[in-house]
Amino acid sequence: VVDGFITNSSLIYVKLSRTAEFVNILSPGGFVQPERGAKVFLIDSKDQKELLVETNYLPGLYIAENENFIGLPGETYHIQITTFDQKTYESEPELLDDQTLMDSVYLKLETFEKFAEGTTNIVEIELVQLYANFSFSDRPTNYLFQWHGTYLLDPPFGDRKCYIRE
């Protein structure tokens with residue numbers, strides 16, 4: 001299994017793993033075993049190679065050896081993986097699109113129906129929904145959105161509030 005991520009920031013990684021046979025699900029890691037000791041290269045359209053090295057803290061996670069390496073929008077990249085047992089795999093080139101900027105963001109109080117806890121009665125609750133509008137290019141592509149924010153958990157009992165930051 002190959003899970004990778006490249007951006008125009010320093011967040012660049014490839015996570016390698018193998019699925020395990022059903023009889024091995026009780027082994028450490030369960031169905032997914034990290035692929036250790038691989039050689040992983042990120043290669044651009046000019047055949048320039050960036051070595052990704054395995055981290056000491058998470059087996060199977062490979063990050064750019066050069067901490068200053070970033071992806072360039074408009075450039076194409078592919079990865080080349082040689083596993084510990086000397087099998088080589090190579091991906092198709094992918095274009096790193098320009099950053100998509102948010103046009104607007106807003107909050108809206110909305111009413112939803114749900115089952116009352118422990119019953120079959122339907123009750124209405126009000127929740128604040130977060131909406132964001134984007135303008136996308138006409139090219140078919142995949143977009144990843146990440147949420148970084150703070151939640152407030154306000155339990156219905158007591159006077160304690162809990163803030164969770166992501």
Side-chain angles (χ1 to χ4, degrees), residues 1-105 107 128-137 139-155 160-166:
V1 178
V2 179
D3 172 22
F5 193 73
I6 180 172
T7 68
N8 60 345
S9 72
S10 60
L11 178 61
I12 296 170
Y13 72 84
V14 171
K15 188 174 179 183
L16 301 178
S17 59
R18 291 184 185 258
T19 56
E21 296 177 20
F22 184 73
V23 294
N24 293 331
I25 64 170
L26 298 178
S27 64
F31 282 114
V32 179
Q33 303 293 323
E35 180 68 29
R36 303 186 76 169
K39 288 185 180 175
V40 181
F41 289 96
L42 182 63
I43 305 168
D44 67 17
S45 62
K46 299 174 198 84
D47 260 353
Q48 296 175 321
K49 291 184 176 184
E50 178 64 33
L51 176 65
L52 304 182
V53 294
E54 189 171 11
T55 64
N56 293 326
Y57 53 88
L58 190 59
L61 178 66
Y62 297 80
I63 60 173
E65 182 177 53
N66 175 359
E67 294 176 2
N68 297 319
F69 179 79
I70 61 170
L72 299 174
E75 182 65 75
T76 57
Y77 296 92
H78 70 279
I79 57 172
Q80 183 183 66
I81 302 165
T82 303
T83 60
F84 181 76
D85 59 357
Q86 300 304 305
K87 291 183 180 173
T88 300
Y89 303 91
E90 201 160 333
S91 71
E92 293 293 321
E94 291 281 337
L95 175 69
L96 180 59
D97 248 341
D98 291 328
Q99 184 176 357
T100 300
L101 299 177
M102 191 180 322
D103 297 328
S104 64
V105 63
L107 300 172
V128 175
Q129 295 282 91
L130 174 69
Y131 291 93
N133 293 321
F134 296 86
S135 296
F136 297 104
S137 67
R139 283 195 307 268
T141 188
N142 298 319
Y143 290 95
L144 171 68
F145 298 97
Q146 294 180 323
W147 168 262
H148 300 280
T150 303
Y151 300 89
L152 168 63
L153 299 180
D154 191 4
R160 294 181 177 214
K161 293 184 182 346
C162 176
Y163 292 90
I164 300 173
R165 204 175 146 108
E166 285 189 58

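Sequence positions, counted from 1, serve as the residue numbers for this chain.
- Applying the side-chain contact (heavy atoms from CB on, under 4.5 Å) test between I79 and each of L16, V14, I43 identifies V14 as the sole match.
- A 6.0 Å sphere centred on CZ of F84 holds no more than 12 heavy atoms belonging to other residues, nucleotides or ligands.
- Using a distance-only test at 3.5 Å, with no hydrogens or angles considered, no donor-acceptor pair links the side chain of E54 to the main chain of L61.
- Using cut-offs of 30° and 60° on the angle between ring planes, the pair F5 and Y13 is parallel.
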For this session: Assess whether side-chain contact (heavy atoms from CB on, under 4.5 Å) is satisfied between I70 and T7, documenting all intermediate values.
Result: CA-CA 7 Å; I70 61 170; T7 68; over 6 Å; no
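- Contact of the F41 side chain with the L52 side chain is not registered, since no non-hydrogen atoms from C-beta on lie closer than 4.5 Å.
- G71 and I12 make their closest contact through N-CD1, 3.9 Å (heavy atoms, listed as atom of the first residue, atom of the second, distance).
- Judged purely by atom type and a 3.5 angstrom limit, E35 has no side-chain atom pairing as donor or acceptor with the backbone of R18.
- With hydrogens and angles ignored, the 3.5 Å screen pairs no side-chain donor or acceptor of Y62 with any backbone N or O of G4.
- When side chains are defined from C-beta on, I81 does not count as touching T88, because their heavy atoms never get closer than 4.5 Å.
- Heavy atoms of other residues, nucleotides or ligands lying less than 6.0 angstrom from CD of Q129 number more than 12.
- Using modelled atom types and a 3.5 Å distance limit, the side chains of E92 and H78 yield no donor-acceptor pair.
- When side chains are defined from C-beta on, L72 counts as touching Y77, because their heavy atoms get closer than 4.5 Å.
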For this session: I would like to know whether T55 and I63 meet side-chain contact (heavy atoms from CB on, under 4.5 Å); could you show each step before the answer?
Result: CA-CA 7 Å; T55 64; I63 60 173; 3.9 Å; yes
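- In this structure, T82 contributes its side chain and Q86 its backbone to no donor-acceptor pair below 3.5 Å.
- Within a 6.0 Å sphere centred on CG of N56, heavy atoms belonging to other residues, nucleotides or ligands number 12 at most.
- In this structure, a donor-acceptor pair under 3.5 Å is present between the side chains of E75 and S45.
- Between T76 and D44, the closest side-chain pair of non-hydrogen atoms is not below 4.5 Å.
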